Participant: 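Before I ask anything, let me first share the structure, which is written out below as structure tokens.
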2 protein chains.
Amino acid sequence: MSVNKDYNEKQGQILTTAESLFSEKGFDGTSVRDIAEKAGVNVAMISYYFGSKEKLMETIFERRTEHIRLRVESLMKDDSIDYIGKVHLIIDEHIEKAFSKFQFYKLMVCEQVINKNPVILDIIKEVKKRNMQVITELIRKGQEAGVFRSDVDVILLFSTMYGTVSHMIIGSDLYREISGLTHLSEEEYYQHLKQLLSKHLKQIFKAILTHEA
Amino acid sequence: MSVNKDYNEKQGQILTTAESLFSEKGFDGTSVRDIAEKAGVNVAMISYYFGSKEKLMETIFERRTEHIRLRVESLMKDDSIDYIGKVHLIIDEHIEKAFSKFQFYKLMVCEQVINKNPVILDIIKEVKKRNMQVITELIRKGQEAGVFRSDVDVILLFSTMYGTVSHMIIGSDLYREISGLTHLSEEEYYQHLKQLLSKHLKQIFKAILTHEA
DNA sequence: TTATATCAATCAAACGTTTGTTTAACTTTG
DNA sequence: CAAAGTTAAACAAACGTTTGATTGATATAA
């Protein structure tokens with residue numbers, strides 16, 4: 001599948017800089033000269049290493065795909081963790097990944113709206129499907145064990161998890177201002193947000209998965 | 001405040017076409033020649049009527065601001081509707097507005113990520129604050145009446161409502177495919193989604209606002 | 001009633017930049 | 001010395017915007 005290629009120092013510099021600029025100004029709002037200058041390389045190096053601006057973007061997505069995929073699959077088989085505990089693992093892993101690579105998550109949202117590049121859309125589609133399967137499987141087992149309700153819509157639950165977190169990341173500036181937490185550093189505020197989101201989503205998941213209608 | 005200007009036929013045509021193209025291809029991905037051609041006007045008319053491409057975008061946002069604002073404020077004072085009923089009104093109005101102007105909502109999400117134009121960011125900020133105040137006020141009254149829990153985080157609740165709906169709209173193609181509902185028309189599928197989202201969000205709000213932790 | 005002035009609307013063409021990409025010469029590396 | 005890395009310069013295409021001429025309708029004056 002997705003081969004984990006190695007990138008040299010200059011390639012890595014270009015990828016990281018481009019990811020940052022794309023997420024700040026969008027794909028079309030960022031010029032290759034912007035990227036080259038900020039990455040400290042010559043403009044021609046982008047074509048030389050990645051072929052084109054478009055393929056540079058695709059490479060960014062390929063590189064991060066590995067990151068987005070939920071890694072809790074092995075823990076799902078651990079019998080010492082109960083079903084609610086496993087749901088908590090999924091929620092916390094998603095929050096952690098989204099915040100640790102928030103620039104990429106912003107980029108992902110924009111690229112889904114501006115559905116131009118089919119290669120990128122496919123990458124997003126595959127990883128979303130994959131992550132949703134993990135959750136579907138867990139819920140199915142929980143239902144068989146009689147712990148979870150039988151009428152759970154996984155897509156809606158998934159949308160609430162992804163949607164709430166994305167929306168918080170995208171609107172974090174506004175919400176920091178409203179909360180009156182402007183004295184916190186971005187890092188401190190993000191830690192605070194992660195904790196709030198974790199508690200909030202766990203409460204929602206518990207209600208939807210276990211309470212009676 | 002926001003004066004409701006009148007636009008002639010040609011101006012309206014430009015605004016509608018631009019909104020559609022911006023939401024499909026992004027602001028920087030859309031050229032003024034694209035807009036002019038699709039709207040059936042000369043390129044110069046865009047500068048002539050709106051001053052610049054940037055100001056055209058701002059005009060789109062000013063025009064739609066009126067639309068986004070929750071209009072349930074009067075119903076909030078109606079004593080014949082209970083607190084849960086009022087929460088339902090807010091949820092359904094938000095869903096209805098988001099789906100009826102889904103192109104604009106996509107555009108809003110992208111513009112929040114690509115925080116370039118301060119005029120537009122201010123418009124988004126103001127309307128979000130405004131809508132959140134409506135909900136805050138309702139919840140506060142419900143708390144005083146002893147119907148709602150005392151430890152409710154309005155920002156999180158608001159994020160779940162906006163986030164879940166946005167995420168569904170943005171990823172609707174993928175979710176239609178996964179649900180196996182490709183035989184439905186876009187309109188039919190949206191009606192279906194609206195119904196699901198309404199039930200889902202009402203369940204979440206009820207759990208967070210009324211259940212004990 | 002003509003004739004003339006006024007003004008917004010409309011257009012093709014041109015403006016100067018910026019865009020992504022390529023070239024061809026040069027340097028470094030193994 | 002051959003291959004890979006690196007560069008400034010050049011490329012055509014596309015960009016947002018402006019220009020200057022032209023239209024057509026309305027108001028003013030003879």
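Atom set for the values below is all heavy atoms of this structure, side chains included, hydrogens, waters and symmetry mates excluded. Order of the sequence lines sets the chain letters (A, B, ...), proteins ahead of strands, with each chain counted from 1. All values derive from a computational prediction rather than experimental measurement.
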Participant: On a heavy-atom basis, which atom in R63(A) and which in T16(A) lie closest, and how many Å separate them?
Facilitator: NH2-OG1, 3.7 Å
Participant: Mind checking the NE2-OG spacing from H67(A) to S100(A)? Nearest 0.5 Å is all I need.
Facilitator: 3.5 Å
Participant: By nearest heavy atom, map G29(B) and G51(B) onto DNA chain D; which one lands nearer the 5' end?
Facilitator: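 Nearest-nucleotide comparison on DNA chain D picks G29(B).
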Participant: Can you tell me how far C1' of dA12(C) sits from CD of E37(B), to the nearest Å?
Facilitator: 15 Å
Participant: Establish, with yes or no, whether the OP1 or OP2 oxygen of dA8(C) is under 4.0 angstrom from a side-chain nitrogen or oxygen of Y48(B).
Facilitator: no
Participant: Is the terminal nitrogen or CZ of K10(A) (NZ for Lys, CZ for Arg) located under 6.0 angstrom from the six-membered ring centre of Y49(A) and within 45° of that ring's axis?
Facilitator: no
Participant: Between dG16(D), dT10(C), dT18(D), spot the one nearest the side chain of M45(B), thanks.
Facilitator: dT10(C)
Participant: Quick check on DNA chain C: between D34(A) and Y49(B), whose nearest nucleotide comes earlier from the 5' end?
Facilitator: Y49(B)
Participant: In whole Å, what is the span from the CD1 atom of I46(B) to the P atom of dG16(D)?
Facilitator: 9 Å
Participant: Taking only side-chain N and O atoms of S52(A), does any of them lie within less than 4.0 angstrom of OP1 or OP2 on dG20(C)?
Facilitator: no
Participant: So if I take every side-chain heavy atom of S31(B) and compare against dT10(C), dT22(C), dG16(D), which nucleotide ends up nearest?
Facilitator: dG16(D)
Participant: Quick one: on DNA chain C, does V43(A) or V43(B) contact a more 5' nucleotide (nearest heavy atom)?
Facilitator: V43(B)
Participant: What integer distance in Å separates Y7(A):OH from dG5(D):C1'?
Facilitator: 19 Å
Participant: Does K53(A) put a side-chain nitrogen or oxygen below 4.0 Å from OP1 or OP2 of dT19(C)?
Facilitator: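 No, because none of the side-chain N or O atoms of K53(A) sits under 4.0 Å from OP1 or OP2 of dT19(C).
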Participant: Angle between ring planes, Y175(A) versus H167(A), binned at 30° and 60°: parallel, tilted or perpendicular?
Facilitator: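 Aromatic pair Y175(A)/H167(A) classed tilted.
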Participant: Look at the side-chain N and O atoms of N42(B) and state whether any lies under 4.0 Å from the OP1 or OP2 oxygen of dA9(C).
Facilitator: no
Participant: For S47(A), answer base if it contacts any base atom (sugar-phosphate contacts may also be present), sugar-phosphate if it contacts only those atoms, and nothing otherwise; contact means non-hydrogen atoms under 4.0 Å.
Facilitator: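 Touches a base.
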Participant: Taking CD1 from I35(A) and P from dT21(C), how many angstroms apart are they, rounded to a whole number?
Facilitator: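 Atom-to-atom, I35(A) to dT21(C), this comes out as 10 Å.
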Participant: Take a 6.0 Å sphere around CD of Q195(B) and say whether it holds more than 12 heavy atoms from other residues, nucleotides or ligands.
Facilitator: no
Participant: What's the closest nucleotide to the V32(B) side chain, out of dT17(D), dT23(C), dT18(D)?
Facilitator: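 Ranking dT17(D), dT23(C), dT18(D) by closest atom to the V32(B) side chain puts dT17(D) first.
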